Amino acid sequence: MKVATWNVNSLNVRLPHVLEWLGSSSPDVLVLQEIKQTTEAFPAGTFAEAGYHAMASGQKTYNGVAILSRSPPTDPVTDMPGFDDPQRRVLAATVNGVRVVNLYVPNGSEVGSEKYTYKLGWLKALKGFLANELGAFDKLVVLGDFNIAPDDRDVYDPEKWGDAILCSPPERAALRELMDLGLTDVFRQFDQPEKAFSWWDYRAAGFRRNAGLRIDLILASPVLAGSCSASYIDREPRTWDRPSDHTPVIAEFSV
DNA sequence: ATGGTGGTCCAACCA
């Protein structure tokens, strides 16, 4: 099973890119973040024509997540227990016996800001949610835009970036707590090129300078991590005309 | 040292 995650920064704008990438890469599952459209506006019919089942938890203008899959997704969950939130950032579903949890973790804006507090609270709720999912599902993959660079290898210039947003110790500690539940960052199970990133700021020619971060992650439960045969980043869509600021991250499992 | 870009939607917010 080949799974992938991509923050598309508006599915309205990026639909042609997503269709192109589905055609060339043939993932079994592709999860999207920042679709920035309502569930009603989500183009499920277009994905059906491309051979994919699709479900979304949409929101106008901001956020919004979706799961596309070759096999039908079942048992969707869109909210974390005990965390009431109008922001649509979570979509979990079961595909071929694999539990897929698609996340759009809050950005946090700036360390110490209100949005930062919201981010840390959201991550705390996520820990409870994922502990429960791990108890219920042997084969669990948690993937999406985590808005956290796990360590300095995942930052183009760690000294310059310092402890700013996406890298601050409390954010990294929260990610570490999630992984301590029994989730592995499968990208790091394999040899990778230096300076492999999944997001580059539109500003200041970030992509041209490879001034990026690896903040889009694929975490897997022990059974699934043990069956992972490859994980990599596909930079190509970031070179296309009118690209998202993120590019797809992929993992292949022998299940 | 400052400001850069891009999406949504048309002023201002978010990233």
Side-chain angles (χ1 to χ4, degrees), chain A residues 5-21 30-43 46 56-66 83 85-91 102-123 126 143-150 154-168 170-172 174-175 197-217 233-249:
Chain A
T5 177
W6 194 1
N7 179 324
V8 293
N9 184 24
S10 167
L11 186 56
N12 271 332
V13 173
R14 235 66 69 186
L15 181 59
H17 285 196
V18 173
L19 292 171
E20 171 74 20
W21 197 78
L30 172 62
V31 305
L32 306 175
Q33 302 86 36
E34 285 203 273
I35 65 171
K36 295 187 173 180
Q37 64 193 166
T38 60
T39 304
E40 293 69 37
F42 178 71
T46 305
S57 180
Q59 183 183 336
K60 189 175 167 64
T61 309
Y62 301 113
N63 311 310
V65 285
F83 193 81
D85 189 1
Q87 300 189 32
R88 303 290 79 198
R89 297 178 174 277
V90 175
L91 181 59
N102 176 17
L103 301 177
Y104 177 42
V105 177
N107 173 281
S109 186
E110 277 180 57
V111 174
S113 67
E114 256 180 54
K115 292 192 178 72
Y116 184 74
T117 303
Y118 165 72
K119 180 178 195 173
L120 295 180
W122 195 96
L123 288 165
L126 178 63
L143 73 174
D145 179 357
F146 279 72
N147 269 315
I148 301 170
D154 303 310
V155 181
Y156 72 100
D157 187 343
E159 288 197 14
K160 181 180 178 186
W161 200 279
D163 291 344
I165 198 68
L166 314 183
C167 294
S168 73
E171 292 169 82
R172 285 176 163 171
L175 177 61
F197 306 127
S198 65
W199 165 84
W200 301 263
D201 202 312
Y202 286 123
R203 295 167 288 187
F207 186 64
R208 185 182 55 72
R209 298 185 294 121
N210 197 30
L213 275 69
R214 188 177 69 96
I215 55 177
D216 300 272
L217 309 178
I233 294 169
D234 182 1
R235 293 167 55 99
E236 198 196 319
R238 190 62 175 78
T239 69
W240 293 346
D241 189 48
R242 244 186 135 185
S244 169
D245 46 350
H246 296 250
T247 208
V249 180

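From a predicted model like this one, the values you see are computed outputs, not experimental measurements. By convention in this document, chain letters (A, B, ...) are assigned in the order of the sequence lines, proteins followed by strands, and residues within each chain are numbered from 1.
With the nearest nucleotide of DNA chain B identified for both A:N63 and A:A204, A:A204 has the one nearer the 5' end.
Side-chain contact annotation: A:Y104 with A:N147, donor-acceptor N/O pair under 3.5 Å absent. Donor-acceptor pairing under 3.5 Å is recorded for the side chains of A:N9 and A:Y202. A:N210 and A:W200 are linked by a side-chain donor-acceptor pair at a separation below 3.5 angstrom, with hydrogens and angles left out of the test.
Across B:dC13, B:dT8, B:dC9, the shortest atom-to-atom separation from the side chain of A:K60 is found for B:dC9. With B:dG7, B:dC9, B:dA15 as the choices, the nucleotide that has an atom nearest any side-chain atom of A:R89 turns out to be B:dA15. The listed nucleotides are B:dG4, B:dC13, B:dT8; the one nearest the side chain of A:R203 is B:dG4. Of the candidate nucleotides B:dT8, B:dA15, B:dG7, B:dT8 has the atom lying nearest to any side-chain atom of A:N12.
Ring geometry for A:H17 against A:W6 counts as parallel: the plane angle stays under 30°, on a 0 to 90° scale with 60° as the upper cut.
In this entry the distance linking CG of A:N7 with P of B:dG6 reads 16 Å, nearest Å. Residue A:Y62 contributes atom OH, which lies 10 Å from atom C1' of B:dA15 at whole-angstrom precision. What separates CD of A:E171 from C1' of B:dA15 is a distance of 14 Å, to the nearest Å. As rounded to whole Å, 12 Å separates atom C1' of B:dT8 from atom CD of A:Q37. Between the CG atom of A:D245 and the P atom of B:dT8 there is a distance of 12 Å, given to the nearest Å. Rounded to an integer number of Å, the gap from CD of A:E34 to C1' of B:dG6 is 11 Å. Taking atom OH of A:Y202 as the reference point, atom P of B:dC13 lies 21 Å away to the nearest angstrom. Spacing between atom CD of A:Q33 and atom C1' of B:dC14 amounts to 16 Å, rounded to whole angstrom units.
Nucleotides B:dC14 and B:dC9 place their C1' atoms 13 Å apart, quoted to the nearest Å. Separating the C1' atom of B:dG4 from that of B:dA15 is a span of 14 Å, rounded to the nearest Å. Only the P atoms considered, B:dA1 is 26 Å distant from B:dG6, to the nearest whole Å. The separation of B:dA11 from B:dG7, taken at their C1' atoms, amounts to 14 Å, rounded to a whole angstrom.
Regarding contacts with the backbone of B:dC14, every side-chain N or O of A:K36 stays at 4.0 angstrom or more from both OP1 and OP2. At least one side-chain nitrogen or oxygen of A:R14 sits closer than 4.0 Å to the OP1 or OP2 atom of B:dG7. OP1 or OP2 of B:dT8 has at least one side-chain nitrogen or oxygen of A:S10 nearer than 4.0 Å. Taking side-chain N and O atoms only, A:T61 has no distance below 4.0 Å to OP1 or OP2 of B:dG7.
Residue-level contact check: A:R208 touches neither bases nor backbone, having no heavy atom under 4.0 Å from any strand. Within the nucleic acid shown, A:Y104 comes within 4.0 Å of sugar-phosphate atoms alone, with no base atom in reach, counting heavy atoms only.
A 3.5 Å limit on both hydrogen-bonding distances identifies B:dA15 as the Watson-Crick or G-U partner of B:dT5.
Environment of CD in A:E110: sparse, with no more than 12 heavy atoms of neighbouring residues, nucleotides or ligands closer than 6.0 Å.
Between the side chain of A:E34 and the main chain of A:V8, no donor-acceptor pair closer than 3.5 Å is present.
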